[in-house]
2 protein chains.
Amino acid sequence: MSLRHALLALLTVTPMTGYDLSKAFQASVSHVWHAPDSQIYPELRRMEADGLLVGTEVPWGPRGKKREYHVTAAGLTAFRAWMNEPLSYTRERDPAHLRAAYLEWAEPDAARAQLRAHRANYAERRDEWLEKVREIDTGTSAMLEKRLAHAPASEHAAIRAYKRYTYEGLIARAEHEIEWAERGLALVDQLNGGDPTRTDAAAPA
Amino acid sequence: MSLRHALLALLTVTPMTGYDLSKAFQASVSHVWHAPDSQIYPELRRMEADGLLVGTEVPWGPRGKKREYHVTAAGLTAFRAWMNEPLSYTRERDPAHLRAAYLEWAEPDAARAQLRAHRANYAERRDEWLEKVREIDTGTSAMLEKRLAHAPASEHAAIRAYKRYTYEGLIARAEHEIEWAERGLALVDQLNGGDPTRTDAAAPA
DNA sequence: GCGAACTATCTATGGGGATAGTTAGCTGAC
DNA sequence: GTCAGCTAACTATCCCCATAGATAGTTCGC
């Protein structure tokens with residue numbers, strides 16, 4: 001049920017169409033939440049039916065039109081209620097670590113390729129998130145500035161701080177994953193490439 | 001399709017029944033992969049139909065019986081093939097970070113409760129994983145020792161090292177999450193002028 | 001010999017999400 | 001003036017997984 005709350009979070013900033021939301025999920029908010037349009041449009045209709053949103057037809061060109069969704073008072077209440085609820089932590093499902101635990105079954109080169117992919121994946125994300133932090137600091141984040149424009153000045157510091165806090169956490173996590181992949185690459189080399197005394201030394205007592 | 005490979009991974013160690021696998025997913029392997037029995041039993045039957053496993057009826061008491069699954073040559077091939085394939089990194093869905101980005105919407109006490117729950121959750125897991133590392137080092141991990149018994153001595157170092165590497169990565173990640181939650185708690189205090197619940201006996205009005 | 005706790009397996013239902021494909025209008029460059 | 005590329009919205013299908021519950025046999029202590 002988190003897609004609903006992710007949508008509410010975005011729509012509290014500014015009214016948007018399904019298309020806008022789909023773009024937002026691909027870009028700015030991606031890596032915190034992600035959803036294809038085929039989930040977004042039906043969910044928006046369901047949310048409107050539940051009274052959390054109202055959709056208004058907006059003309060678009062001579063004949064075209066689009067549907068812009070606004071959060072209702074009920075929607076705001078629901079969002080606040082969710083924000084105050086405890087999160088449920090489900091058991092993790094971690095393909096990368098599942099693999100790592102059985103990495104002796106992989107060819108050394110395949111193992112290396114996987115660890116490099118892991119590193120590359122998180123390096124890319126880290127760079128994206130670093131860019132986000134830069135945008136927050138320089139006031140060039142469109143969504144954040146819109147949010148600030150609709151919020152009282154007394155809350156600006158908190159809004160900025162929590163956004164920054166979120167991305168800093170993601171960056172630190174990405175850096176941990178990169179480091180972990182690098183230790184893995186060293187381990188693969190040590191177990192396969194190097195000299196046999198080294199390999200023995202790798203065995204923990 | 002990773003449940004299938006998680007099951008193969010476990011069954012390469014030793015033949016097991018659906019019930020054994022269900023227990024294994026709840027205990028040892030949990031937090032790397034998890035699945036309820038209602039997924040495991042049908043998947044095992046599908047895997048047998050696909051020729052990856054063979055199931056043999058084993059008597060259990062005077063009238064009872066159970067079905068023990070063994071990995072076939074085709075199953076081993078499939079597992080090795082999967083281990084050599086690159087992993088696909090799907091976009092993340094991270095409720096905790098989604099929340100953090102909009103934490104100004106939550107009551108300060110609710111925000112604190114969430115961050116404490118985050119910390120407690122990862123602290124618990126970290127302790128479980130530390131215990132796993134201890135088991136690996138002291139040779140008291142039943143699964144690992146069974147695995148080693150079936151593997152040539154030349155591979156023992158690698159098997160132990162990859163297992164340890166996996167859990168070390170999980171531990172480091174947990175420690176990062178704990179640290180992040182603590183920075184969050186400090187931030188909430190800073191933005192709200194201190195934590196009123198911290199000095200509960202002499203809380204100022 | 002009875003009940004409690006455990007072992008063992010299976011079914012049903014529904015939600016969430018991935019992937020792919022369809023339809024239609026708009027905009028701007030060439 | 002038309003074609004490519006974008007904006008906008010919707011549909012269909014399949015898989016994975018979560019939750020709940022049904023059924024039956026076993027073991028062991030009292």
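Rounded to whole Å, the distance from CG on B/Asp37 to P on D/dT23 is 16 Å. Separating the OH atom of B/Tyr69 from the P atom of C/dT9 is a distance of 7 Å, rounded to the nearest angstrom. The CD-C1' distance, from B/Gln39 to D/dA20, rounds to 14 Å in whole Å. B/Leu3 has its CG atom 6 Å from the P atom of D/dC17, to the nearest Å. Spacing between atom CZ of B/Arg4 and atom P of D/dC17 amounts to 12 Å, rounded to whole angstrom units. Counting to the nearest Å, the P atom of C/dC10 and the CG atom of B/Leu21 are 13 Å from each other. If you take CD of A/Glu43 and P of D/dC10, they are 14 Å apart, rounded to a whole angstrom. Following rounding to the nearest Å, A/Tyr41 (OH) and C/dA20 (P) show an atom-to-atom distance of 19 Å.
The pair A/Arg125-A/Glu177 fails the salt-bridge criterion, with no side-chain N (NZ, NE, NH1 or NH2) lying under 4.0 Å from an Asp/Glu carboxylate O. In this structure, A/Arg160 pairs ionically with A/Glu145, as a charged nitrogen and a carboxylate oxygen lie closer than 4.0 Å. A salt bridge does not link A/Lys66 with A/Asp20: none of the charged nitrogens is closer than 4.0 Å to a carboxylate oxygen. Of the charged side-chain nitrogens involved, at least one lies within less than 4.0 Å of a carboxylate oxygen, so that B/Glu135 and B/Lys132 count as a salt-bridged pair.
You'll find that the side chain of A/Thr17 is closest to D/dA8, out of C/dA8, C/dA18, D/dA8. Which of D/dA9, C/dT11, C/dT19 sits closest to the side chain of B/Arg45 comes down to C/dT11. Distances were taken from every side-chain heavy atom of B/Pro42 (C-beta onward) to each of C/dT11, D/dA18, D/dG25; the shortest belongs to C/dT11. Minimum atom distance to the side chain of A/Trp33 is reached by C/dG17, of the listed C/dG17, C/dT7, D/dA18.
Within 4.0 Å (heavy atoms only), B/Ser38 reaches at least one base atom of the nucleic acid.
Ring orientation note: the planes of B/Tyr122 and A/Tyr89 are nearly perpendicular, at an angle over 60° on the 30°/60° scale.
Of the side-chain N and O atoms in B/Tyr19, one or more sit less than 4.0 angstrom from OP1 or OP2 of C/dT7.
Residues B/Arg93 and B/Arg67 each lie close to DNA chain C; by heavy-atom proximity, the contact nearer the 5' end of the strand is made by B/Arg67.
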